[in-house]
Amino acid sequence: MSFHEPILAGLEILFSWPTIGWMVLGVLLGIIIGALPGMGASLGMAIALPLTLPLNSVNALILLVGIYSGSMYGGSIAAILINVPGTAGSAATTLDGYPRSRMGEAKNAIAISATSSAIGGTFSLITLLLLMPILIEVVLLFQTPEYFAVAVLGLSLIVVVARGSIVKGILSGAFGVLLATVGLAPMTPTQRYTFGRLQLMDGLDFIAILIGLFAIAEMFKLASEGTIAKDDVDISGNTVGGIREALSKPVTMIKSAYIGMLVGAIPGGGSSAANFLSYGEAMRSSSNPDEFGEGSTEGLVASEASNNGTIGGSIIPTISFGIPGSGATAVLLGGLLMHGLRPGPELFEAQAGTTYAMLLSILVGNIIILAVGLLLITRASYITKISTTTIIPMVIILSSLGGIALRTNWADVVTVFLLGVLGYWMIQSNYSVIAFVLGAILGPIAEENFIRSLQLSDGSYMVFVTRPITATILLMTFVILFGPILKQLYERTSRAATT
Amino acid sequence: MVIPDMEGNGRINVSERSLDYAINVLFLAVAIYAFVESLSFPQSAQVWPRNVSLFMIIGGTILLFRSYLPKAIRPIVEDKSFFGGDESQKITEEVTDDEETEVAFDDSENEQDSQSIGRYPMDNSVFTAVSMLGYLTLGFAIGLLWATPIFIAFYCWWFQKPWYLIGILSVVGFGVAYGFWDLLYLPIDQGALTEMVLG
């Protein structure tokens, strides 16, 4: 297959009806969800996931990535207007966005944000599309033992980059893996941890786990923080001036988009880390670092270009190896699996059209982001005025109804509630929720490939050592997990030896 | 009430520390159960859960006795972020001066409006969790279709929303539940209780 063929097939799918309509709806919903303080891409996508059940796979995925992309931009609206980041990926936007609002230049700030988000996201996606042929070659080299190794690598990476201690990260991830073992074991008809209950025979639905952790836990957190709605939002300034300002910083914009893309590709890196890394780099390399925090255009550009840049980056490991780079891509992976699509070669061969349509929808979605950001910003303030105590019951009912919609099984509704409570407690105690989610997602993939590998090798564990790619990935996993500890021990020993 | 953090990360709340240990113990208990139970599975089905639960038992025990760990390995249990938290804190502190921080603090004080204060003294997150549990129980008994507007009305009443908003949100909530019932053919119009009574 040539390079342009799947792109043309993807464009054909994307611009057919009603696919294009789902994309527009997804981006608009995403912008609204992102603009609601405390909401975020993963939450919006988790709620929408069960609603995509009646849709075909391509429409469902395009709706989900539309929400992802839109909410990345939408988060900046609340950050600029009311100094509360709508999403974690817009945290750095508050530093310069809100001062601009207070200076009476909210329109400029939102225009800078929309332009940077759209261009940053576009650069990241074009790079991803250009990298696709190489990516496909790499993915095709992978077989069962390699997929096991990659799943373990994903789990190890997340415990390093997630918040909290390493042991807490490992515990959270392992607990997720353990929960995923409930139900019938792969390859053998053995019931595990079902307590003889029919409802648990098929295991816990990981989408219910995602809804509980991302939607319900967030609602409990939001309830404890109180409402953040404000009435006195004043929108003034100059939209065209904002676009010009953003375009006058092309280097910062492109650099930040690529930082976002690279950090986004690291499982657990997430848009929040990318956001601050780009902001820090822009400040370091700026000729006017004193302006940062006072409404700096460079600061705003860096923050917004980077968070939309993470989208392309985080999608790479998700579709190639089934390792999500963020909470939002964990939900996207849930969507892929729910609609019968498995990450890996299948997505680049038999389902290439669907994959490219999904990626191109992000590209086209950036145009909608730009249009909405520039034309409808005067309406944006209404969204930020909605009280969180109005949002919470609506999210709770959507999550509960979504839970029952998955399999008409009350075990899923109970999972949504219990995982919501546990997720809230975990957030409060610095246990990594993202490690937990990845454990639940990667656990079954790792187990299935582990057992299959052993079957292929007649029970010999040497299959993980003798294959060069598998051995390299497992060695990387070891270095990632134990490298920091060994380094510290070595430093202490050498320090003690010198003294 | 605050107590000194034994890992030297400043001062933390007693209830937060208790919650931390509670989750630690919960994970440990689940892992021990999973490990013991896994021994009853056939060989191929037990390898994975047995190893994972063993991993959890080791991790959970290390975390439980974190205060007694030798200094050399204490960093692995300390709440530190590889990047993200510390970095963002540093940058935020660098670009915001004291005056602005004060303004932001004043703003956050004003954020608590009447719509985030419940009718009776109860933590909002606890109320949200309890009311959700009530909603699901009621939904199981009479069907989520009917429990949905009742839950929304009660939740909004608790947070002293105006009557017109309670009405609008309840109708919207019922519409959403109706959509699920009608479009996805979900059996949420009847619950265990109504089925028993109505047959």
Side-chain angles (χ1 to χ4, degrees), chain A residues 53-54 83 91 95 160-161 163-168 170-171 174-175 177-178 181 185 187-188 190 192-193 219-220 223-224 226-228 272-273 276 279-280 292-293 387 389 392-393 396-398 400-401 404-405 408 410 413 417 421 424-426 428-431 447 450-451 485 488-489 492, chain B residues 16 19-20 23 27 34 37 41-42 44-45 48-49 52-53 55-56 59-60 62-63 72 75-79 81-85 87-88 91-92 95-96 104 107 111-113 115-116 123-125 128-129 132-133 136 140 144 148 151-152 155-156 159 169 173 176-177 180 184 186-188:
Chain A
L53 278 168
N83 202 24
L95 300 174
V160 176
V161 296
R163 275 176 170 274
S165 76
I166 295 174
V167 173
K168 279 185 177 177
I170 291 173
L171 262 182
F175 188 62
V177 174
L178 204 58
T181 61
M187 316 288 179
T188 49
T190 307
R192 298 188 298 200
Y193 313 119
M219 289 306 101
F220 294 157
S224 70
T227 191
I228 31 193
S272 169
F276 276 102
Y279 189 86
F292 281 72
S387 163
T389 48
I392 291 168
I396 287 177
I397 64 150
L398 279 169
S400 307
L401 292 165
I404 196 85
T408 330
W410 272 89
V413 184
F417 175 72
V421 174
Y424 174 63
W425 285 346
M426 286 175 72
Q428 299 294 95
S429 309
N430 259 341
Y431 282 83
E447 182 181 14
F450 175 71
I451 292 173
I485 302 165
Q488 273 189 356
L489 286 174
R492 276 172 201 270
Chain B
E16 278 174 20
L19 191 60
D20 192 337
I23 295 174
F27 283 175
E37 183 75 7
F41 304 150
S44 67
W48 192 251
V52 173
S53 52
F55 215 53
M56 277 186 78
I62 290 174
L63 201 60
I76 62 167
V77 292
E78 282 174 356
D79 282 337
S81 180
F82 186 71
F83 55 51
E87 186 73 9
S88 59
I91 291 172
T92 308
V95 298
T96 51
D107 282 352
E111 280 165 4
Q112 293 279 337
D113 66 14
Q115 291 199 7
S116 71
D123 184 87
N124 285 354
S125 59
T128 304
M132 183 180 173
L133 185 62
L136 297 180
F140 184 74
L144 282 172
T148 296
F151 163 71
I152 292 180
Y155 196 92
C156 294
F159 286 106
L169 290 176
V176 170
F180 272 83
L184 299 177
L186 291 180
I188 53 171

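Just so we're on the same page: letters track the sequence lines, and every chain starts at 1.
Heavy atoms closer than 4.5 Å to chain B are found in both the backbone and the side chain of A:W425. Using a 4.5 Å cut-off between heavy atoms, A:F450 touches chain B through its side chain atoms alone. Contact annotation for A:I397: both backbone and side-chain heavy atoms come within less than 4.5 Å of a heavy atom of chain B. Contact annotation for B:L186: only side-chain heavy atoms (C-beta onward) come within less than 4.5 Å of a heavy atom of chain A. Using a 4.5 Å cut-off between heavy atoms, A:A185 touches chain B through its side chain atoms alone. Proximity to chain B (any heavy atom under 4.5 Å) is shown, for A:L178, by both the backbone and the side chain.
Between B:F159 and A:S387, every side-chain heavy-atom pair lies at or beyond the 4.5 Å cut-off. Looking at heavy atoms from C-beta onward, A:K168 lies out of side-chain contact with B:F27 at the 4.5 angstrom threshold. The shortest side-chain heavy-atom distance between A:Y431 and B:L63 falls under the 4.5 Å cut-off. At a threshold of 4.5 Å between non-hydrogen side-chain atoms, the residues B:I23 and A:L171 do not count as touching. Looking at heavy atoms from C-beta onward, B:W48 lies out of side-chain contact with A:I451 at the 4.5 angstrom threshold.
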Let me see the working for A:L398 and B:F180 under side-chain contact (heavy atoms from CB on, under 4.5 Å), right down to the final yes or no. CA-CA 9 Å; A:L398 279 169; B:F180 272 83; 4.2 Å; yes

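Considering all non-hydrogen atoms of both residues, A:A174 and B:V52 come closest at O-CG1, 3.4 Å. Between A:A223 and B:Y155 the shortest heavy-atom distance is CB-OH, 4.5 Å. Of all the heavy atoms in A:S400 and B:M132, the pair that sits closest is OG-CE, 3.8 Å.
With rounding to the nearest 0.5 angstrom, the CZ atom of B:F41 is 7.0 Å from the OG1 atom of A:T181. For the atom pair OG1 (A:T389) and CG (B:N124), the distance works out to 8.0 Å, reported to the nearest 0.5 Å. One finds the CD1 atom of A:I396 at 11.0 Å from the OG1 atom of B:T148 (value rounded to the nearest 0.5 Å). The structure places CE of A:M426 at 11.0 Å from CG of B:L19, a figure rounded to the nearest 0.5 Å.
When A:V177, A:L401, A:L53 are compared by the number of non-hydrogen pairs under 4.5 Å with chain B, A:L401 comes out ahead.
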